[in-house]
Every structure is written in C-alpha cells, then in structure tokens.
Amino acid sequence: MYRQFQEDIRRHFLQYLKSHFGIENMPLKLETPPQVNFGEIALPVAFDLAKQLKKAPRAIAQDIAETVGSIEGVVRVSVAAAGYLNLHLDRSRFLRRVLTAPSGARPPIDPGPEKIIVEHTNINPNKAAHIGHLRNAVLGDSFVRLLRSLGRTVEVQNYIDNTGVQVADVVVGFEHIEKLSASQVEERIGGSNGRFDFYCWDLYARVSRFYDEDADRLKWRSETLHRIEHGGNDTARLADLMATAIVRAHLATMSRINVQYDLLPRESDILHLKFWDQAFTQLKDRGAIVLETAGKNKGCWVMRAEGAEKSSPANEESAHDEDKIIVRSNGTVTYVGKDIAYQLWKFGLLGKDFYYSPFHTYSDGHVLWMTRSEPASRATPPPHFGKGSAVYNVIDVRQSYLQNVVVQGLRTLGFQEAAEHSTHFDYEMVALSPRCCSDLGIELSAEDQKRPYVEVSGRKGLGVKADDLIDQLIRKSREEVAKRHPDMDVAGMNTVARQIAVGGLRYFLLKYTLHSVIAFDFDEALSFEGETGPYIQYAVVRSKNIFRKLAEEHKDFSLDDLRKKALLEDYRGFLDGPEHDEFWTLILLASQLSAVVAQAVSSREPATVAKFAFNLAQTFNNFYHKHRILPEPDAKKKEFLLVLVDIVARTLEEALNLLGIEVPERM
RNA sequence: GCGCCCGUAGCUCAGCUGGAUAGAGCGUCUGACUACGAAUCAGAAGGCCAGGUGUUCGAAUCACCUCGGGCGCACCA
C-alpha cells in the first residue's frame, strides 16, 4: 500500500520536473523526515538540482513548493532546513487507503521469473542438527515466505548428501568401532526413542578420535566410501538406513520450528542416474574443463581460474595454482563437479531428470517428495520439479569460493542467463561464545580462550544441538505460561509454549543481519524480554485481548462490522494536528510493511522485516500503555482506537507470519 | 601471499539507494501494576561511529591507506 503511494508521488514529481525545469531521468529519492510533524515524506531533490540550476537549494525548494500544484493525497508542501521539501499527507484519506488495501497476498509488482528454486538446510545426514543448521533453515524458510508473499512461485529443496565422507565416517563407526551389522543398526534406530541422530552425533566424534589414534584406520574411510558409492552391498545398505533415519530426524526437528520442504534431492540418485556423466560431456565439449597433461595437476580435469591469462608458458607452476580440479587423476569427480551437474538440473539444462516418490506428509497435508534412481511402482505422478528460472543456494559464506566455481561452470558452458540467476545466499556462521562453551562444559585450549568465539565442529562434537536448544526454550516458556495461566489445560499449554519458544528462536536467528557472526550465547537466545520474538507476539496477544473482552461484554460485536463501518467513517478529528501524531504514526508505520518486504527481498535481508516488526510492536506497546480503550467514553473515539488496534494487530501478525512465527491465543 | 567479511554506547547489535539532533535491546540507576494482564511502560546516565586521507553543499554510509579481528584460497565435502 505504502509502496504504491510512493510510486504515485514519484511519478507526479518526475512529470513536474520535466514540465517545469525540462529535466528528465532524475533519480528521485524519497526519505522519511526525522519527526512526523515535519511531514511524512521528504524529498532532497533541491540539493541535487542546486548544481545544475546554480541556485541555492533552499530557493529551489521554495520555488518547487509554490509551483508544484496539488498532489493527490498531499495536503501541503513545506520547505525545511537547508532545502528539504516535506510533504504533509491527507491523513484521513491515507487511512482509507490503508483500510481498503488488501492485507493478504499481493499481486507481484514485477513480473519476475516463473519459478524460483531455493535450496536450504542441506545437513549431512550423519548426525543431529545444530544451531548453525538452524540459522540456515530459518533464513532460507523466511526468505521463501517473503518471496511467496510477493506472489512468486517457489520450490524448496533440501539437498541430501547421503554418499559423502561424513556419512562414511559414521558408517566406519558402526562397522569398526561398534561392530554392528545393518540389521542391528536398524534395531538401534527403532529403539533410540527418536534420538538416533543424537547417538550418531557422539559416534561421529568418536570416529574422529578413532582416526587420530591410528592414521592407518583412514583406509577404512575410503573403502567404506567406495562401497557406499558403488551400492548393492551391506555397507551401502547400512549407510542408507542411517542416512534415511537421520533425514527423518532432521525433518522432525525442522517441523518443530515451522520449516517445510518440497523436495529432497539425494546425491546417491545424482550418482546412479549418472548426472555427472552428462555434465562431464557438456563441460568437455564446450572446453570448459581441460585434461592436464603435465605439472602438479597431471591427469586431472581442471577448470581454469577465471581471469587468469590464457597463455603464459613462462610461469607454469604458479599459473595453475588457482585452477580448480573437477575430476581427480583417479577418474572420480569432486564435490564441485557434482554440484555443477545439480545446478544444471535445477535450471533444466542437464537434459536428464530424477524419478520421484512421496517421502513424507506434513500435518497440514503438504507432501514432501524425494528423488529416486528408478521409477516408483504405481506412484502418483509427481509435480514438476526443477526447471527454475532463478536459483538461490542458502549456504554459509565459507562456501563462497566453491559457489563461485559452480557459477563459473555455468558461464563457461554458455549458460549466461542461468549464471546470472544463480545466487549464493550467503550468511555468516554461528559460533560459540566462550561463555557458551563453559556452559556446555567444554574445555578450551589456551589459544582458543583468547578468541572472541570458536567455530562449531560436528567432527569434534562441539556445538549446541538444535533439539536440545528447542527443548530448553519450550521448557522455559512453559514455566512462564504455567505461572500466568495456571488454569490452562495441558494441551493448550504445550501449544502455546511451543509457539513462544519458536518465536523466540526464530527471531533470535533473524535479528542479526547476514554478515554478522552470531556468537551464540544461551542467555541471549533464551531471553523472552526486550527485542525478542515473544515481545512482538505479546503485543499482538494484548491487542487481541481487547477484542475478546469486547466480544464478551457485547455479544453483538463483530470485527467485520467494525471494519466495514470504518470505511464509511471520517476520523479526521482523531488524526489531524500534532496532538494526534501518536495515532497517526502507528497507521503510517503499519502501512509500510509492503515496502519493507520489497526491500527485504531485493536486498536479500530478512532481518529488515524482523526489525520492522519489533519497531511496530514497540510503538504499539507505548500507545497501549497510554490509552485505555474499552473504558473510553467517547463512542466515536473508542471506535477509532479499535480500528487503529486492528490495523496494527493485523500488520504485526502478517509480519510474524512472514518470519515463520505464530501468534499464541494467550500468553 | 591473494581474496571476501567485520570494527558504531560497558555488552550484543540496527542504521536501506550519502541527508535534518547517530538508534534499539541487555546491563546499571529512578519510577509506574485493583486485569484492555508488568513477557509491559516512562525517565536518567552512557558515542572523536577503530584511525587517517580524499570525494561532496553534506560521510557511520562512497574511494584509498593503516591498524585490529574473523573466514576462505585441497586430487575433503
């Protein structure tokens, strides 16, 4: 709504500049004045014109203010400071626009690409998920929600690397440390109370120490990896049992925090369906990779470093330092090679496709599919996967180098457009603060103690497990709920406790901007006060309590009637004048959600929406505290205040929804 | 060595395409509960925006340099 309004203003001024000054194509900035009594929209356009016109900004602004004429929705144009043009809006008219604006899904402003593929989570299926994975999933999921709110079609993929070394390592643990067969592992999965991923977390750390004790044991890793890739043996069966069980555990964890997927593409299927062979042929044919016949990379297929000089026989050694090996001298393909094939498939450029079968049905009925190597018998036909026109890979910044190689691969294959629409959605890692480490009972080396934070390491078993953290959050919020609502039934209490816990967790992970390292700290993550998810949830719950109470007292009250009536009323008397700025500010702020969402998407920064929601909640809480609404004697004012509360509550609820945060019934 | 990111209040962080008096939360200190529930609100203290140079009418924001800190740069993923 606000975005539309801004566009109208912009158009008006561009037209004016053209007719009055003969100036075209001028970038026109719209800003917000520091105080609402200065006006609602500020234009610094006079500063930009000053040089061209060789006049003082203030004089230009004065001239514009006098000659710009009437603008729809604007009551007055004033000049301030050194030359700002401030627009004062027709408040009651603006309110009407807010009330008539559709609050739900908006039509897309830009036509945009047809289908956007977002890949996120991508946890190796060999251990429990940790907080680093939670940041990935929450960022990815929130971004998907934002895209969908703009009317975009989005497909969410969660890539499962079920044939990598990490899986092989834990399989080594089963076969060589625990000495268990596939069927024994299967029993253990069944008898683990759903905590099989926790068990593997510990086993994985044990395997690392197992290797450290005797480097010869590393040969088991490569043997195991080979058998897993080859398939059709007990080791591969064990690996598959384990990986699948852990994928289910991860899905359960993510469901707890409102994260869902559409498709799980598996590396084993990429392998068995020979996606790589297809990509390899393409890469060779187009000369994107070359076979090295001499030097340290002899026998490897490499991709030349981008920007490297085409021919410099002089310094052979250093010139090839930056080349990326795609196929090893033993003929096996590296991770990047497989990733290029997968990325090609995502754009529908590989010329091959997976088979699919349903893997899981969420409680809301949504079906999650998994790739297969063979056609599934009498399967329901799958939706059309892949063939996206834009791809976002949500993966932390440490993978930047490899992500660039993948895009370079697309480019050298001649797929310019795909390369341009491949986006590495990069973000900084979650690390552990020193205090967090001591909370976990982890002893740090003297060297590590001096650092601001230490990296999470699955290999060392160093990290905060996602489910442990969620459990702790739920426990804490349940205590709080029980204190406040002792009469609530157990089921209700559990629901509310979970919603609050998830609100706290997701907001905590979203309030940091992408390039900020989160040094994880329990006190901050477990806080429900101040700038937190529950603070925002509480603001909505309070506003809803008003309507609940109202409905209890007046059986005939209906929110719909109120909304309809509001459209016919004139609330000018409660909007105009500085004494009503606090009401007006709330409406103005709430109306900006659509603009904030657009900005969050284009700058790829969900934190913007999180900050906005907090800001609005804070402004509302201030208002709430100052004004008693239900006892308000002036009937019309009471009605106006109710309309105001309704607008804010709906906006907050929508913003929270975009962040994957629910609003509890009570709290 | 090369590349990327970060440095803003005691702590943790916002600050969009340069704009008016640099903002939050936590912590500290003062105050406000007879329920539209205080998971809240009001107030106070707290800043050479790491340092320097430049561009500009105007710089926390842009450019370059320096100093701190982090992360990449494997025939691992």
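Residue numbering restarts at 1 for every chain, and letters A, B, ... go by the order of the sequence lines.
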Would you state whether a donor and an acceptor, one from the side chain of [X] and one from the base of [N], lie under 3.5 Å apart?
{"X": "A:H515", "N": "B:G70", "answer": "no"}
{"X": "A:Q599", "N": "B:U17", "answer": "no"}
{"X": "A:N86", "N": "B:A20", "answer": "yes"}
{"X": "A:S400", "N": "B:C4", "answer": "no"}

Scan [X] against the nucleic acid and name what it touches under 4.0 Å (heavy atoms): base, sugar-phosphate only, or nothing.
{"X": "A:V165", "answer": "sugar-phosphate"}
{"X": "A:K549", "answer": "sugar-phosphate"}
{"X": "A:S516", "answer": "sugar-phosphate"}
{"X": "A:N404", "answer": "nothing"}
{"X": "A:F47", "answer": "base"}
{"X": "A:A81", "answer": "base"}
{"X": "A:P452", "answer": "sugar-phosphate"}
{"X": "A:P57", "answer": "nothing"}
{"X": "A:R398", "answer": "sugar-phosphate"}
{"X": "A:I500", "answer": "base"}
{"X": "A:A42", "answer": "base"}
{"X": "A:V481", "answer": "base"}

Is the closest basic N to carboxylate O distance between [X] and [Y] below 4.0 Å?
{"X": "A:R498", "Y": "A:E662", "value": "yes"}
{"X": "A:K483", "Y": "A:E479", "value": "no"}
{"X": "A:R398", "Y": "A:E455", "value": "yes"}
{"X": "A:D212", "Y": "A:R217", "value": "no"}
{"X": "A:R475", "Y": "A:E480", "value": "no"}
{"X": "A:E582", "Y": "A:K626", "value": "yes"}

From the options [options], select the nucleotide whose nearest atom is closest to the side chain of [X].
{"X": "A:N297", "options": "B:C71, B:G25, B:C75", "answer": "B:C75"}
{"X": "A:A80", "options": "B:A20, B:C75, B:A24", "answer": "B:A20"}
{"X": "A:F614", "options": "B:A24, B:G18, B:U12", "answer": "B:A24"}
{"X": "A:N621", "options": "B:U40, B:G69, B:A39", "answer": "B:U40"}
{"X": "A:T513", "options": "B:C71, B:A77, B:G15", "answer": "B:G15"}
{"X": "A:K51", "options": "B:A42, B:C57, B:A20", "answer": "B:C57"}

Are OP1 or OP2 of [N] and a side-chain N or O of [X] less than 4.0 angstrom apart?
{"X": "A:Q35", "N": "B:U21", "answer": "no"}
{"X": "A:N545", "N": "B:G37", "answer": "yes"}
{"X": "A:R484", "N": "B:U40", "answer": "no"}
{"X": "A:N622", "N": "B:U40", "answer": "no"}

Expressed as a whole number of Å, how far does the [atom1] atom of [N] sit from that of [M]?
{"N": "B:G54", "M": "B:A14", "atom1": "C1'", "result": "28 Å"}
{"N": "B:A60", "M": "B:G69", "atom1": "P", "result": "26 Å"}
{"N": "B:U21", "M": "B:G58", "atom1": "P", "result": "15 Å"}
{"N": "B:U53", "M": "B:A45", "atom1": "C1'", "result": "35 Å"}
{"N": "B:A74", "M": "B:G3", "atom1": "P", "result": "15 Å"}
{"N": "B:G27", "M": "B:C13", "atom1": "C1'", "result": "14 Å"}
{"N": "B:C64", "M": "B:U12", "atom1": "C1'", "result": "31 Å"}
{"N": "B:G15", "M": "B:G47", "atom1": "C1'", "result": "14 Å"}

Is it the case that the side chain of [X] and the backbone of [Y] share a donor-acceptor pair, with hydrogens and angles ignored and the cut-off at 3.5 Å?
{"X": "A:Q537", "Y": "A:Q499", "result": "yes"}
{"X": "A:D161", "Y": "A:N124", "result": "no"}
{"X": "A:T423", "Y": "A:F425", "result": "no"}

In the structure shown, which nucleotide is the Watson-Crick or G-U wobble counterpart of [N], with both distances under 3.5 Å?
{"N": "B:G72", "result": "B:C2"}
{"N": "B:C62", "result": "B:G54"}
{"N": "B:C48", "result": "none"}
{"N": "B:C13", "result": "B:G23"}
{"N": "B:G7", "result": "B:C67"}

If I take atom [atom1] in residue [X] and atom [atom2] in nucleotide [N], what distance separates them, rounded to the nearest angstrom?
{"X": "A:L652", "N": "B:U40", "atom1": "CG", "atom2": "P", "value": "15 Å"}
{"X": "A:F620", "N": "B:G37", "atom1": "CZ", "atom2": "P", "value": "11 Å"}
{"X": "A:Y624", "N": "B:U40", "atom1": "OH", "atom2": "C1'", "value": "9 Å"}
{"X": "A:K611", "N": "B:A14", "atom1": "NZ", "atom2": "P", "value": "6 Å"}
{"X": "A:F508", "N": "B:C26", "atom1": "CZ", "atom2": "P", "value": "15 Å"}
{"X": "A:E524", "N": "B:A39", "atom1": "CD", "atom2": "P", "value": "21 Å"}
{"X": "A:D521", "N": "B:C11", "atom1": "CG", "atom2": "C1'", "value": "10 Å"}
{"X": "A:L510", "N": "B:C13", "atom1": "CG", "atom2": "C1'", "value": "14 Å"}

Exercise. Mind listing the residues from residues 528-543 of chain A sitting with a heavy atom below 4.0 Å of RNA chain B? Number order is fine.
Key: A:F528, A:E529, A:G530, A:E531, A:Y535, A:Y538, A:R542
Quiz item: What do you reckon, are the aromatic ring centroids of A:F528 and A:Y535 less than 6.0 Å apart?
Solution: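 Ring-ring flag for A:F528/A:Y535: false, centres at least 6.0 Å apart.
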Quiz item: Starting at the 5' end of RNA chain B and moving along, which residue's nearest nucleotide shows up first, A:H485 or A:K298?
Solution: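 Its nucleotide being nearer the 5' end, the pick is A:H485.
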Exercise. Between A:I546 and A:V517, name the one whose nearest nucleotide on RNA chain B is closer to the 5' end.
Key: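 Taking each residue's closest nucleotide, the earlier one in sequence belongs to A:V517.
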Quiz prompt | Aromatic plane relationship, A:F620 with A:F623 - under 30° parallel, 30 to 60° tilted, over 60° perpendicular | solution =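 Geometry flag for A:F620 against A:F623: tilted rings.
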Quiz prompt | Partner residues of A:D523 under the side chain to side chain donor-acceptor pair (under 3.5 Å) criterion, sequence neighbours left out | solution =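 With neighbours one apart ignored, the set is A:R435.
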